[in-house]
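Start at 1 with the first residue, then count along the sequence. What you see is a predicted model, and the numbers here were worked out from it, not measured in a lab.
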Amino acid sequence: MLDSGGITPNESNSAVLVGLDFGDDNGERLEELRQLAISDQLKVLAVVKGKRSRPDPATYVGKGKIDEIRLLLSETSASLVIFNHELSPIQQRNLAEQLQCRVIDRTSLILDIFAQRAKSREGKLQVELAQLEYLASRLVRGWTHLERQKGGIGLRGPGETQLETDRRLLAKRVKFLKEKLKVLQRQRNVQRRARQRSKVMTLSIVGYTNAGKSTLFNRLTQAQSYAADQLFATLDTTTRKLFIPNCGYVVISDTVGFIRELPHTLVAAFRATLEETVQTDMLLHVVDAVSPVRDEQIREVNKLLKEIGADNIPQILIFNKIDCAESNRAASYVRDEYGRIACIRLSAKTGEGLDFVKIALAEAIAQSSVESRERFLEVGI
Ligand SMILES: Nc1nc2c(ncn2[C@@H]2O[C@H](COP(=O)(O)OP(=O)(O)OP(=O)(O)O)[C@@H](O)[C@H]2O)c(=O)[nH]1
Ligand SMILES: [Mg+2]
């Protein structure tokens, strides 16, 4: 049976991370992997870096690097090796054999975090779907490999039967999950249409994972959305009403954080929710202003927004965490050429600059075509 890549609960929780540099600096990427591992309650005992022009087809890294990792494993008590790259099933298997240790890739790690964080029924179904699709792609690829090796003839035995049964069972479960998700999606669509009918302005808080979306959401709405120094603290969308003085209510949603190279099985599984939650009148795009890679994170978020058809929705960029800035800790805002507030510097933690968000929203409401009377309607969420 091929490895699904999940992390079992009784596994000792320490890992060695491996990242290769293919010409682009992988320092930041490895740091992100480290944060992902910590978010998954893993202890990172060592980080192995390397340079290559291209991955080795059999083991991803070269022999020298394998020896280096093996040595680290014998020196530490790590029981898991995490590669910061997508490994083929063959590479994963070869590496596990040669290192005599469990080996997973970044996708498995992210899937594992999502599996731990999913709270709602829908979130759980989405994560299971993503995990099964990941597993299915491995089964198929592993099988193709065997077929090629043995010419596909004379391969009648328990191996084949087992694989076929696995594939059939997986396909059945995937179909079942997709149907269940469709039903839940229909229910949400009904709620959304009710909100649209009430003509209340809707907005979503989007942004890179750990940017401070939930902290801002909680500040604005006095809600208790889970905020933590973890990647993917929020998986399920939370929606609340927000009262803007002299204007009325808007409906605001906190959403799952984005990350670069989000495993495609997860994008597929979360697509419906993502597409739906961002189909709002406006996006508050929260950015960790003190992150050294904030510009790259902004680009990644915009890229994903484009992929889900949300790139035309007006955005207000929120540069958060200014309380940690080395210089210029003052809250401020900038207007664009049309006089609209386009960018706000604030601290969701201290509350500094929060009023600017309310001003921006009040102005947006005033400018929108929504009839003012109707904005005061109570919204049923
Ligand atoms: N110093 C400082 N820390 C902040 C600020 N806003 C949020 N944080 C911290 O940043 C971390 C992440 O905050 P969250 O609100 O959970 O971030 P998120 O964007 O919702 O994260 P995910 O749901 O994981 O995508 C937490 O430790 C917060 O306390 C801020 O204005 N200043
Ligand atoms: Mg959050």
- Do side-chain atoms of Thr255 reach the backbone of Ile205 as a donor and acceptor pair under 3.5 angstrom? yes
- Correct closest heavy-atom pair for Met201 and Ala364 would be CE-CB, 3.7 Å
- Query: What heavy-atom pair brings Val301 and Gly207 nearest, and what distance separates the two atoms?
  - Reply: CG2-C, 3.8 Å
- Query: How many angstroms lie between CG in Asp288 and CG in Asn320, if you round to the nearest 0.5 Å?
  - Reply: 7.0 Å
- Task: Identify whether Leu354 and Ile244 are in the same connected component of the hydrophobic contact network (ILVMFWY, side-chain heavy atoms under 4.5 Å).
- Result: yes
- Item | With sequence neighbours excluded, residues passing ring-ring contact (aromatic ring centres under 6.0 Å, His included) with Phe258 | none
- Item | Gln100 side-chain N/O to Glu97 backbone N/O, donor-acceptor pair under 3.5 Å | yes
- Message: Quiz question: by atom type and distance under 3.5 Å, do the side chains of Asp105 and Tyr134 form a donor-acceptor pair?
- Response: yes
- Side-chain ion pair, Arg329 and Glu352, N-O less than 4.0 Å: no
- Query: Can you name the nearest heavy-atom pair linking Tyr208 to Glu32, along with the distance?
  - Reply: OH-OE2, 2.7 Å
- Report the residue from Asn94, Thr59, Val18, Leu71 that forms a side chain to side chain contact (heavy atoms under 4.5 Å, CB included) with Ile66. Thr59
- Task: Taking side-chain hydrogen bond (donor to acceptor under 3.5 Å, both in side chains) as the test, write out the residues that go with Lys51, two or more places apart.
- Result: Asp21
- Message: Is there a continuous path of hydrophobic side-chain contacts, each under 4.5 Å between heavy atoms, that joins Val293 to Ile322?
- Response: no
- Task: With sequence neighbours left out, write down each residue that passes ring-ring contact (aromatic ring centres under 6.0 Å, His included) with Phe114, or none if nothing qualifies.
- Result: Phe232, Phe270
- Roughly how far, to the nearest 0.5 Å, is NZ of Lys180 from CD of Glu128? 11.5 Å
- Query: Are any of the side-chain nitrogens in Asp67 or Arg70 under 4.0 Å away from the carboxylate oxygens of its partner?
  - Reply: yes
- Any idea which heavy atoms bring Asp56 and Ala58 closest together, and the distance? OD1-N, 2.8 Å
- Query: Taking atom CD of Gln297 and atom CD1 of Ile259, what is their separation to the nearest 0.5 Å?
  - Reply: 9.0 Å
- Quick one: CD on Glu86 to OH on Tyr60, what's the gap to the nearest 0.5 Å? 9.5 Å
- Distance-minimising heavy-atom pair for Ile104 and Gln92: CA-NE2, 4.0 Å
- Under a single-linkage rule joining Ile, Leu, Val, Met, Phe, Trp and Tyr whose side-chain heavy atoms are separated by less than 4.5 Å, which residues share a cluster with Val287? Ile298, Leu317, Phe319
- Sidechain N-carboxylate O distance under 4.0 Å for Glu31, Arg34: yes
- Is Arg299 salt-bridged to Glu296, cutoff N-O under 4.0 Å? no
- Message: Let's go through Lys65 and Glu68 carefully: what are the C-alpha distance in whole Å and the side-chain angles of both, what is the deciding distance for salt bridge (charged side-chain N to carboxylate O under 4.0 Å, His left out) to 0.1 Å, and is it a yes or a no?
- Response: CA-CA 5 Å; Lys65 211 38 75 184; Glu68 190 183 330; 2.9 Å; yes
- Query: Hey, any chance Ile82 and Leu45 share a hydrophobic cluster, counting ILVMFWY side chains that come within less than 4.5 Å of each other, even indirectly?
  - Reply: no
- Task: Enter the distance from Leu87:CG to Arg106:CZ here, rounded to the nearest 0.5 Å.
- Result: 12.5 Å
- Message: Tell me whether Arg335 is salt-bridged to Glu363, with the criterion being a basic N under 4.0 Å from an acidic carboxylate O.
- Response: yes
- Message: Quick check for you: to the nearest 0.5 Å, what is the distance between Thr221 atom OG1 and Lys241 atom NZ?
- Response: 12.0 Å
- Message: Listing request: all ring pair (Phe, Tyr, Trp, His ring centres under 6.0 Å) pairs with a residue in residues 288-318, at least two apart in sequence or in separate chains.
- Response: none
- Item | Qualifying residues under side-chain contact (heavy atoms from CB on, under 4.5 Å), relative to Val334, sequence neighbours excluded | Cys343
- Would you say the side chains of Asn302 and Gln315 form a donor-acceptor pair under 3.5 Å? yes
- Note on the structure: Ala78 and Ser14 have their tightest heavy-atom pair at CA-OG, 3.5 Å
